[in-house]
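Okay, so here's the structure we're looking at.
Just so you know, these numbers come straight off a predicted model, no measurement behind them.
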Amino acid sequence: MNQDSLQWWKEEDVKKGESMQAERKQIIRYALDYEIEDISTYSGYKGDLIAKVVTKDLNAAVEIQRYARSLNILDVVVKHNPNLAIYEIYCVTKDSHVYHLKEENIMEEVHSHHTVKDPWGGSK
């Protein structure tokens, strides 16, 4: 990635008035006020950004979930693992630089120029 492409990303963030990870940062800052075991962030397989918070405190899990939902992000899921006595809160947000690829019908556009052969002898 060259300097020009890095500059383009920064300019896009400024134009939109938001950071690619703004919601994840807010969730992490909020979660730090509670007794938590672990926080991790990673990219999902379809361009989603995920913040995962692990806690043993049910009240912390409820409050973090409530706060994350107030941010109008894609999804918030809480999983209880009774064997480890932990709650895992998954907060899913869009990666604004990748997510548009999911919303466009790129494959149809690319393949619309190709003939589709029917295995029974016909074609489209």
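The two residues Ser43 and Leu49 make their nearest non-hydrogen contact at OG-CD2, 3.6 Å. The shortest heavy-atom contact between Tyr30 and Glu63 is CE2-O, 3.6 Å. The two residues Ala31 and Ile36 come nearest to each other via the heavy atoms O-CG2, 3.6 Å.
Side-chain atoms of Thr93 do not come within 3.5 Å of backbone N or O of Ile73 as any donor-acceptor pair.
By the 4.5 Å heavy-atom criterion applied to side chains, Asp48 and Leu74 are counted as neighbours. Put simply, the side chain of Tyr34 does not reach to within 4.5 Å of the side chain of Thr55, judged on heavy atoms. Here the side chains of Leu71 and Gln26 are in contact, with some heavy-atom distance below 4.5 Å. Residues Val76 and Tyr90 have side chains not in contact (no heavy-atom distance under 4.5 Å, counting atoms from C-beta outward).
Using modelled atom types and a 3.5 Å distance limit, the side chains of Arg29 and Tyr67 yield no donor-acceptor pair.
Considering only residues two or more places apart in sequence or on other chains, Ile86 meets the side-chain contact (heavy atoms from CB on, under 4.5 Å) condition with Val54, Lys56, Asn81, Leu84, Glu88. Shown here are the side-chain contact (heavy atoms from CB on, under 4.5 Å) partners of Ile28, two or more places apart in sequence or in another chain: Leu32, Ile39, Thr41.
The CD atom of Gln65 sits 8.5 Å away from atom SG of Cys91, with the distance rounded to the nearest 0.5 Å.
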